[in-house]
Amino acid sequence: MELIPVDFEAFDKRIAAVRGDRNLERLHRGTRWAEGPVYFPAGRFLVWSDIPNDRMLRWDEQTGAIGPFRQPSGYVNGNTLDREGRLISCEHGARRVTRTEHDGSVTTLADSWRGRRLNSPNDVVVRSDGSIWFTDPPYGILGDYEGHRAEQEIDGCHVYRIDPGTGATEMVAGDFARPNGLAFDLDESRLFVADTQERHLRVFDVRDDGTLTGGRVFAAHDGKEGFDGLRLDDGGRVWAAVGSSVHCYDPDGTLLGRLNLPESVSNLVFGGPKRNRVFITATTSLYSVMLNIRGARPVWA
Ligand code: MG
């Protein structure tokens, strides 16, 4: 395991409160495009995706051992856990959102909308009411690198919600260019969604019936890189992958600072027994750094 001095750029003095380790740990190297980190608290392991290699990997927190989790994976991209601790995944290959059941079988939760195949589900989050929210840009069908080249059937790249009662897939936002990472705030009254092509992060109000209102720009980036995955910490700060950095935004939208990495970053997740260790997927590598704050606790926990 390689140690790299932490490069934490501060833009606001409030960032000082989050700093922890002096070194970034490179836990693994050897992926083509690492994505979709998800931490399993009960098993103390982390699973992540290596999209072009059509596989998922698993890192054991207590031994440091790394090995295959699923291969082929169906070009899985984003992952999360549901309320029962089951893995929810976005598959580029079969253009679907799946749930891995306790017995290991895989259930399709969504693969179409209004009779047309989804583009290539990218990232996913579960709300405490059991609804599952995901984004559907076309990165998995534009070529054969991250999936299978195919025609886009749906006219647009939308954000969807799978209803926990009916299982129906409903569009909740239809004005995105390339929706990507998404996360709820601490009380789930707001949903943050990245638009990679527009280089900004938007925030919506969530109504009780599962529809969204608002959608103003919460944060924008004037560089050439777009936003990808994001998570919140227990102070309501938004941590988002942008270029070769993880940006940290105050709940008021101020960019507090950024953690610079040696490679392009795709996504992150908080884990460890105290959720104070952030795991970052960045191109060839899986990194982690322990911080002085905790990741947001799911509201049902
Ligand atoms: Mg993504």
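Both ligands and their constituent atoms are indexed starting at 1 by order of listing.
Ring pair Y249/F218 is perpendicular by interplanar angle, where above 60° counts as perpendicular and below 30° as parallel. Ring planes of Y160 and F134: parallel class, angle under 30° (limits at 30 and 60°).
One of the N, O or S atoms belonging to D228 lies under 2.8 Å away from the Mg ion (ligand 1). Backbone or side-chain N, O or S atoms of N267 do not reach the Mg ion (ligand 1) at under 2.8 Å.
Between N260 and E9, the closest heavy-atom pair is ND2-OE1, 2.7 Å.
Looking at E153, its side chain does come within 3.5 Å of a backbone N or O of R117 through a donor-acceptor pair.
Counting just the N/O/S atoms of E35, the one with the shortest distance to the Mg ion (ligand 1) is named OE2.
An angle of 70° is found at the Mg ion (ligand 1) between N180 atom OD1 and N122 atom OD1, rounded to 10°.
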